[in-house]
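Have a look at the structure below, then the notes.
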There are 2 protein chains.
Amino acid sequence: MRLTTKGRYAVTAMLDLALHAGKGPISLADISERQGISLSYLEQLFAKLRRSELVRSVRGPGGGYQLSRDQVNINVAEVIDAVNESVDATGCHGSGDCQSGQTCLTHHLWCDLSEQIHAFLSSISLLDLVQRKDVQQVAKRQDRRYVDQLIMSTGEKAPADRKAAV
Amino acid sequence: MRLTTKGRYAVTAMLDLALHAGKGPISLADISERQGISLSYLEQLFAKLRRSELVRSVRGPGGGYQLSRDQVNINVAEVIDAVNESVDATGCHGSGDCQSGQTCLTHHLWCDLSEQIHAFLSSISLLDLVQRKDVQQVAKRQDRRYVDQLIMSTGEKAPADRKAAV
DNA sequence: TTATTAGCCGACTATTTTAGTAGGTTAAAT
DNA sequence: ATTTAACCTACTAAAATAGTCGGCTAATAA
Ligand code: FES
Ligand code: FES
């Protein structure tokens, strides 16, 4: 079992998509900027998310990604699973044969744990996350920061005027 | 967050110790044999388990390891923790600053998950495991196999007589 | 006393995974 | 025609995993 940045990035990116839904496709460059994730790495993750049919892509200018299902119908467990980070805690992947073909002493414990984690993560939908106060706060901060950077790069306003400009 | 063979081995070995408690110290060679874990690797794991004061060692012939506390007072979470496999699912180790010093979008989700896993694993004591039917069955099989091998290596009985010999 | 047992300790290593980078191709819009 | 942004393959540095190897020390038993 493992849960590293790969799975965390995937969930974060999907949540970013959910938060900015209804404004047309979101480009990976935007997500990269807002969430601080390398663009090329995001591309790899989204290739997997697309293969798992969790997102739809639109090519060309103004293109990007959209959730392929309703937010309430996508849960955290399947996002993590899509990028090959299994939520499985057993060493035998459930088959009960990790000790030279036979069941090891702790197999059932790991099965129970896997079930526990899976039940928890699959009970949480993207909509649940979008509606959380703490998520909304962070999202607000990120959007402000993002707009700031856009203005900075266009580059005609002094830092003190930034907030007024928005 | 990670849960690999390191943590699984540690729990398995500790459970082996619990199952054979009351028969004096258990040598790592015995555990290695029964559980199919490399002896040298076990030594490394037990060095950590000893530092965390989960086991006591007895040196010399007839020596080995014993649980340093009652089975009911050792839980799975602390065993995993002792071998440096954190049960923490966050990327910031709880400090909430993984996105260049600020809290990332999914921080609270991973905190919740960590809490969930920790609550589950710390609610299970070695005694709980020892009392499980499935554990007892596997333990029985392993003990039989182990005795078989002892006889084989002493080597004076034909395979057909093995069971009678015990 | 001497051999054996079994814990203790440090260093070394092959393999795998992670977290990326780099460089290009293709489809759609302006 | 140019730009945008998805798409794709291959490569890579660094870290972690799952060990191995060799030697040392304390305690017991012959
Ligand atoms: S973890 Fe399933 S048999 Fe060991
Ligand atoms: S996981 Fe804690 S801040 Fe990102």
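Numbered from 1 within each chain, the chains take letters A, B, ... in sequence-line order. What you see is a predicted model; the values in this text were computed from it and never measured.
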A:Tyr9 side chain near C:dG20 phosphate (N/O to OP1/OP2, under 4.0 Å)
yes
Does C:dC8 have its OP1 or OP2 closer than 4.0 Å to a side-chain nitrogen or oxygen of B:Ser57?
yes
Give every residue pair that meets the ring-ring contact (aromatic ring centres under 6.0 Å, His included) criterion with at least one member in residues 8-36 of chain A, sequence neighbours excluded.
A:Tyr9-A:Tyr41
Pair listing, ring-ring contact (aromatic ring centres under 6.0 Å, His included) test, anchored in residues 43-66 of chain B, at least two apart:
B:Phe46-B:Tyr65
side-chain contact (heavy atoms from CB on, under 4.5 Å) partners for A:Ala82, two or more places apart:
A:Leu49, A:Ser52, A:Leu54
Please name all residues satisfying side-chain contact (heavy atoms from CB on, under 4.5 Å) with B:Ala89, sequence neighbours left out, ordered by chain then number.
A:Leu3, B:Met1, B:Trp110, B:Leu113, B:Ser114
Whole angstrom value for the distance that separates [atom2] of [N] from [atom1] of [X]:
X       : N      : atom1 : atom2 : result
A:Leu28 : C:dA27 : CG    : C1'   : 15 Å
A:Leu42 : C:dT21 : CG    : P     : 11 Å
A:Arg2  : C:dA19 : CZ    : P     : 11 Å
A:Ile37 : C:dT18 : CD1   : P     : 16 Å
A:Arg8  : C:dT18 : CZ    : C1'   : 12 Å
A:Leu39 : C:dT21 : CG    : P     : 10 Å
B:Asp30 : C:dT5  : CG    : C1'   : 12 Å
B:Leu49 : C:dC8  : CG    : C1'   : 14 Å

Which residue, B:Tyr65 or A:Gly7, contacts DNA chain C at a nucleotide closer to its 5' end, judged by nearest heavy atom?
B:Tyr65
Closest nucleotide of DNA chain C for A:Gly60 versus for B:Arg50: which of these residues is on the 5' side?
B:Arg50
Can you pull out every salt bridge (Lys or Arg N to Asp or Glu O under 4.0 Å) where at least one residue sits in [range]? Sequence neighbours excluded, please.
range                       : answer
residues 105-131 of chain A : A:Asp112-B:Arg132
residues 65-74 of chain B   : B:Arg69-B:Glu78
residues 90-105 of chain A  : none
residues 12-27 of chain A   : A:Asp16-A:Arg34

Report the residue from A:Leu17, A:Leu129, A:Leu126 that forms a side chain to side chain contact (heavy atoms under 4.5 Å, CB included) with A:Gln71.
A:Leu126
Checking all strands, does B:Ser40 fall into the base, sugar-phosphate, or nothing category for heavy-atom contacts under 4.0 angstrom?
base
Give one of base, sugar-phosphate or nothing for A:Phe46, where a contact means two heavy atoms less than 4.0 Å apart.
nothing
Position toward the 5' end of DNA chain D (nearest nucleotide), B:Tyr41 or A:Gly63:
A:Gly63
Expected rows: protein N/O vs nucleotides 24-26 of chain C N/O, under 3.5 Å:
residue, atom, partner, partner atom, Å
C:dT26, O2, A:Arg59, NH2, 2.4

Using a heavy-atom distance cut-off of less than 4.0 Å, which residues of residues 94-106 of chain A contact DNA chain D?
none
Counting only N and O atoms by type, is there a donor-acceptor contact under 3.5 Å from the side chain of B:Ser32 to the main-chain atoms of B:Ile37?
yes
Any side-chain to backbone donor/acceptor pair from B:Arg144 onto B:Ala139? Under 3.5 Å, distance only.
no
What is the 5' to 3' range of DNA chain D, first to last nucleotide, that sits under 4.0 Å from any heavy atom of chain A?
D:dT3 to D:dA10
Kindly give the cluster partners of A:Val58, where membership spreads through any ILVMFWY side chain lying under 4.5 Å from a current member.
none
